[in-house]
Amino acid sequence: MAKAKVKQDQSPSGSALGKAADSQKQTKKQKKKKFWKNHPKIAGKTSEAKTLSPLLPPKQPQEFSSNWKALQELLKPKLNPAAPATPSEKFPKKDQKVSEKKNGDPEPPKSTPKINGGITSVTPKEAKAPSQAPPTKAVEVKKEKKRKIKAEGTEQSDPPKKPQGGTQPEPPKVDIWFDDVDPDDIEAALGPEAGRIAREMQGVTETAPPTAEKVLVKEKAFEGLTRTVAMDCEMVGVGLDGEESMLARVSIVNLFGKCVYDKYVRPTERVTDYRTAVSGIRPDDIKNGEAFKDVQAEVAEILRGRTLVGHAVHNDLKILFLDHPKKAIRDTQKYKPFKEKVKSGRPSLKLLCEKILNVKVQTGEHCSVQDAQAAMRLYTMEKKCWEAAIKAKYAGVTAAKAKGPQKDKQPPAQ
């Protein structure tokens with residue numbers, strides 16, 4: 001037990017000695033660090049490392065401007081390179097060299113003299129190049145002789161100079177070998193350039209297509225109301241997502257394509273979609289338009305007792321809340337001969353005009369006046385056949401109605 005006590009008493013004194021030894025080692029290390037830090041060689045290396053640290057990107061506007069200026073100074077020689085020396089300067093003529101030597105002009109030094117490692121300034125007289133020296137009389141005479149010889153004999157042999165201005169050479173012509181093919185079909189398949197070349201090869205003169213107005217409107221014709229009129233309307237979208245339609249414009253033309261009625265209609269609800277790409281209607285057009293009831297009454301008065309022509313005209317009557325006798329309606333969308341020509345169950349007005357009238361309409365924003373004129377022109381082309389078919393149809397109906405009651409009659413009783 002006594003030995004154990006002695007060991008316990010000795011343990012704290014041993015730990016104190018260990019701590020003292022550690023503190024002495026730490027003080028020695030610190031002294032070494034201080035000594036080597038203050039050493040001139042190591043201090044110089046650390047300062048160089050600090051100077052060679054990478055530059056951070058600029059953050060303040062002043063730093064940006066200084067960097068921009070430095071960049072411009074570096075790029076100056078690249079943006080404005082020295083003008084290349086002309087062939088005469090690079091290789092001066094022999095006669096010129098001889099004349100300069102005879103005159104005794106001192107040759108300019110090839111390189112500027114150096115004094116104590118620096119370059120001395122050179123005066124303008126010393127920096128003169130030999131090409132800038134005034135030409136002598138002998139050189140001028142020889143140049144004149146050469147010019148005369150060129151003017152006399154070499155003008156014809158010289159190739160023609162290329163026109164200045166950087167004009168591009170003409171593209172090679174397309175070799176088309178179709179003999180009996182319509183140039184219009186070639187143009188549709190290969191493009192306008194191929195169609196033009198095909199017409200040139202076949203000797204067909206290319207005529208400009210007639211404008212829509214010339215085809216659809218008869219010049220110097222009656223401008224008032226006729227017994228037959230054509231109507232077309234333009235609509236805008238109202239309600240959620242502009243799905244519902246509302247009247248925005250009404251146009252009516254007479255039998256000769258002359259516009260007799262064209263008015264914008266003020267909307268009664270908030271417009272959510274003007275459909276400008278199709279309707280051509282803008283907010284300013286209908287802002288100060290006519291009231292719907294007034295337009296409705298005027299259109300009803302015009303249509304009363306007249307034949308109405310249109311394309312899908314039932315939609316126009318529906319948007320106007322009007323009705324018209326079925327016998328007096330001529331719809332170009334429902335006419336069977338047009339469907340057969342175009343080979344479509346519900347042909348569009350654009351397709352009918354392109355195939356039958358050879359006119360392009362509705363290429364961009366739609367115009368109700370032009371659409372009404374197109375429908376009327378289609379009707380006038382087929383007016384005789386159309387009216388004869390209508391007459392025969394309703395004559396057959398009336399005859400059948402007249403014969404029907406006679407069949408039902410019972411024979412008189414004997």
Side-chain angles (χ1 to χ4, degrees), residues 211-213 215-217 223-226 228-304 306-324 328-333 348-353 357 359-379:
T211 58
E213 190 175 354
V215 175
L216 304 179
V217 183
E223 296 183 359
L225 280 168
T226 53
T228 307
V229 293
M231 182 178 70
D232 189 74
C233 300
E234 298 294 345
M235 294 89 160
V236 292
V238 296
L240 186 66
D241 299 330
E243 291 178 357
E244 297 179 9
S245 297
M246 178 169 281
L247 184 66
R249 185 183 181 185
V250 187
S251 302
I252 300 173
V253 300
N254 67 4
L255 187 67
F256 307 105
K258 301 286 184 179
C259 185
V260 294
Y261 187 87
D262 184 27
K263 284 189 178 180
Y264 290 98
V265 183
R266 186 171 62 252
T268 55
E269 296 181 28
R270 189 175 70 86
V271 179
T272 53
D273 187 5
Y274 285 92
R275 305 173 186 173
T276 307
V278 179
S279 66
I281 302 295
R282 289 171 174 78
D284 295 337
D285 296 334
I286 58 176
K287 188 178 181 181
N288 300 318
E290 299 284 333
F292 175 77
K293 288 185 178 180
D294 297 340
V295 173
Q296 185 187 39
E298 290 169 1
V299 172
E301 185 64 28
I302 292 168
L303 298 182
R304 187 176 290 113
R306 290 187 169 86
T307 303
L308 177 61
V309 180
H311 189 81
V313 74
H314 60 277
N315 294 325
D316 302 325
L317 292 170
K318 184 180 177 181
I319 203 72
L320 280 160
F321 295 101
L322 292 175
D323 195 10
H324 201 70
I329 292 174
R330 307 290 182 268
D331 197 334
T332 55
Q333 190 186 46
S348 64
L349 185 64
K350 183 178 181 179
L351 182 63
L352 290 173
C353 290
L357 300 177
V359 172
K360 291 183 179 180
V361 297
Q362 297 180 352
T363 52
E365 297 175 2
H366 294 196
C367 175
S368 55
V369 175
Q370 191 184 63
D371 292 351
Q373 289 170 346
M376 180 58 82
R377 187 71 189 95
L378 288 165
Y379 166 74

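Computed over heavy atoms, backbone and side chain alike; hydrogens, waters and symmetry mates excluded.
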Which heavy atom of [X] sits nearest a heavy atom of [Y], and at what distance?
X      : Y      : result
Leu378 : Leu349 : CD1-CD1, 3.9 Å
Gln333 : Ala312 : OE1-CB, 3.5 Å
Gly280 : Glu365 : CA-OE1, 3.7 Å
Ser368 : Asp262 : OG-OD1, 4.3 Å
Thr276 : Ile281 : OG1-O, 2.8 Å
Val369 : Ser251 : CG2-OG, 3.4 Å

So, the side chain of [X] versus the backbone of [Y]: is there a donor-acceptor pair under 3.5 Å, distance only?
X      : Y      : value
Gln373 : Gly257 : yes
His311 : Asp232 : no
Thr272 : Gly239 : yes
Arg330 : Thr307 : no
Arg275 : Gly242 : yes

To the nearest 0.5 Å, what is the distance between [atom1] ([X]) and [atom2] ([Y])?
X      : Y      : atom1 : atom2 : answer
Arg266 : Asn288 : CZ    : CG    : 8.5 Å
Met231 : Ile302 : CE    : CD1   : 10.0 Å
Met376 : Asn254 : CE    : CG    : 7.0 Å
Ser245 : Ile319 : OG    : CD1   : 5.5 Å
Leu225 : Glu301 : CG    : CD    : 10.0 Å
Lys263 : Ile252 : NZ    : CD1   : 10.5 Å

Run the side chain to side chain contact (heavy atoms under 4.5 Å, CB included) check on Asp316 and Met235 step by step: do they pass?
CA-CA 9 Å; Asp316 302 325; Met235 294 89 160; 4.1 Å; yes

Are [X] and [Y] close enough that some pair of their side-chain heavy atoms sits under 4.5 Å apart?
X      : Y      : answer
Tyr264 : Asp284 : no
Leu303 : Leu317 : yes
Val271 : Met246 : no

Using the side chain to side chain contact (heavy atoms under 4.5 Å, CB included) rule, take Val238 and Arg270 through it: C-alpha gap first, then chi angles, then the decisive distance, then the call.
CA-CA 6 Å; Val238 296; Arg270 189 175 70 86; over 6 Å; no

Could you go through Val253 and Leu216, starting from their C-alpha distance and side-chain angles, then the distance that decides it, and tell me whether this counts as side chain to side chain contact (heavy atoms under 4.5 Å, CB included)?
CA-CA 11 Å; Val253 300; Leu216 304 179; over 6 Å; no

Intermediate values then yes/no, side chain to side chain contact (heavy atoms under 4.5 Å, CB included), Ile329 and His314
CA-CA 9 Å; Ile329 292 174; His314 60 277; over 6 Å; no

Does the side chain of Ser279 come under 3.5 Å of the side chain of Arg249 through a donor N or O and an acceptor N or O?
no

